[in-house]
Amino acid sequence: MAFWIELVIAGLVSGLVIGLSALSITLVFGIARFPNAATGDTMTLGAYGALIGHRITGSLIAGGILGAAAGALVGVLGYLLIFRQLARRSNVALLVASIGLGFMLRAAMGVAFGHSQSVFQLPLVRPWRLGEVPIQPNDLWLALAAGSALMVVFGVLYLTPIGRRMRAVADDAALARVSGISPDRVMIALWVLAGAVAAVAGMIAGIKTVVSPEMGWDLLLPAFSAAIFGGIGSPVGAVVAGLILGVAQEVATPFVGFTYKIALAFVVMLFVLLVRPRGLFGKLEGAR
Amino acid sequence: MKLVIENLTCAFGGFRAVDEVSFEAESGGLVGVIGPNGAGKSTLFSLITGFLAGQGGTVRLDGHDISALPPHERARAGMVRTFQVPKEFAHLTVRENLMAAAPNQSGENLVDLFLRPAAIRREESAIAARVDDTIAFLKLGAVADVPSGKLSGGQKKLLELGRVLMTRPKLILLDEPFAGVNPVLIEEISGHIRALNADGIGFIIIEHDLGALSRLAGALHVMDRGRLIASGAPGEVLKRANVREAYLGGAA
């Protein structure tokens, strides 16, 4: 029993990574209307940013803030330099541009940090025990970091004027413009949030495993899978689906082996697309 | 505020949807635009509000050429349109729809949001008070906290008017405000339009319900196949032979 609970806990932690990255994807899809393939590499950037911040200051919190700021900065720059210029093109053009941006980020990080793997130098901490179940204190801190990132995103989305306008643009961009809502303001807020959230996801993934220039790209499939599973454009759905997917992957490991657990994400994505394209919480895109 | 359009033209391929249309409208005035389906009326609205770029002509607001401004800046300048099929932010409540449209929100700046929360709270409560007034004016109180996608067609028309009012417009362009609306609600919407017009807000209204429109409008512009074929007082314009020809297909 303790073994399964351990797996579920591990699943929840990787589920937070998937959920946060899916949240970033779903926000961009809902508001800017394209699948952002640079999300994975923004995660990588967040991981490196946090790594450097941690090495310099010795504080994970400072590292996380630096990583999130790097992600937000790349999000905004990507918007201003690329996606804004392509705003009137099809979303295929935007998707291809985002793949290109991802390549550029990955290559730049490869040059800057080398292709070897780096790890966060964290002191070993004796796990707490809840009955027979070991709990890693670090996991709790990471959950706390993810929780605060989620609180900020949902707080901004549902409690602030800019969040209201972001949701308005997600509902009907043309109507938002005639209502005097500036697309630039909304987009910059979107990219700050989407970039920072992806970066926090990358930092958590980096702390749990290793940091390398390719890590984010490898995490892109489960992230997209969760975004679709949760209902594309639904922030709550992305997070819930990420957690479900994370737990499902870990619990499946004893049966399918860890090399194949990523395939589970793909199976889930196919199944959702075939059976319930609107996902858990989604609105049907075709109905617009 | 005075709107002057001159020689507005918009072609799709070889087809001229709007062909050198010129007219004026101002705050406090109420003009109707009529014409058969496909005459170019909605396209004209899109040209005036910046949704379509067009191939020529100018749009002037109080003497300033605004032909190059994007739609949201024209809206902020005080000129706001509605759509033939009512649009709403479907997942937002009626209240949120109205709040989203209020102008000059410093809370749309992420930095201010975190650094000046008190100022933004004050601003929000001022906007909320205006929203309450608008909801009361349009009698939408019962559905204020309902996601607007769930409203009836008539309620959506009212919400649309409310959202337009939140932008503090000086000139409102209504695209078929009475289409698909029951007669009781037509009277109600007409009443709102009259009241707002009396307060100095100008209207340009596209409408097929000539009866309801003639009771409101001081002047009518008639379009046919992209061109303006007649302008003048409703009673007089509707009697003209070329208007009857175009509008009623010569049947009358």
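Reminder, nothing fancy here: chain letters follow the sequence lines and each chain counts from 1.
- Using a cutoff of 4.0 Å between basic side-chain nitrogens and carboxylate oxygens, B:E96 and A:R164 are not scored as salt-bridged.
- Remark: B:D175 does not engage B:K41 in a salt bridge, criterion side-chain N to carboxylate O under 4.0 Å.
- When each of B:E88, B:E123, B:E124 is checked for heavy-atom pairs under 4.5 Å with chain A, B:E124 comes out on top.
- Taking the centre and axis of the six-membered ring of B:F83, the NZ or CZ atom of B:R81 falls inside the cone set by 45° and 6.0 Å.
- Take B:T58 and apply the side chain to side chain contact (heavy atoms under 4.5 Å, CB included) test, not counting sequence neighbours, and it matches B:E6, B:R60, B:D65, B:S67.
- Per-residue heavy-atom pair counts under 4.5 Å with chain A were compared for B:R121, B:M99, B:M79, B:E73, and the maximum is reached by B:M99.
- Residue A:V186 does not touch chain B at all, counting heavy-atom pairs closer than 4.5 Å.
- Using a 4.5 Å cut-off between heavy atoms, B:A102 contacts chain A through its backbone alone, with no side-chain atom that close.
- When the candidates B:T167, B:N97, B:L92, B:V80 are compared by the number of heavy-atom contacts under 4.5 Å with chain A, B:L92 comes out ahead.
- Using a 4.5 Å cut-off between heavy atoms, A:V192 touches chain B through its side chain atoms alone.
- Under the 30°/60° scheme for interplanar angles, the aromatic rings of A:F83 and A:F34 are found to be tilted.
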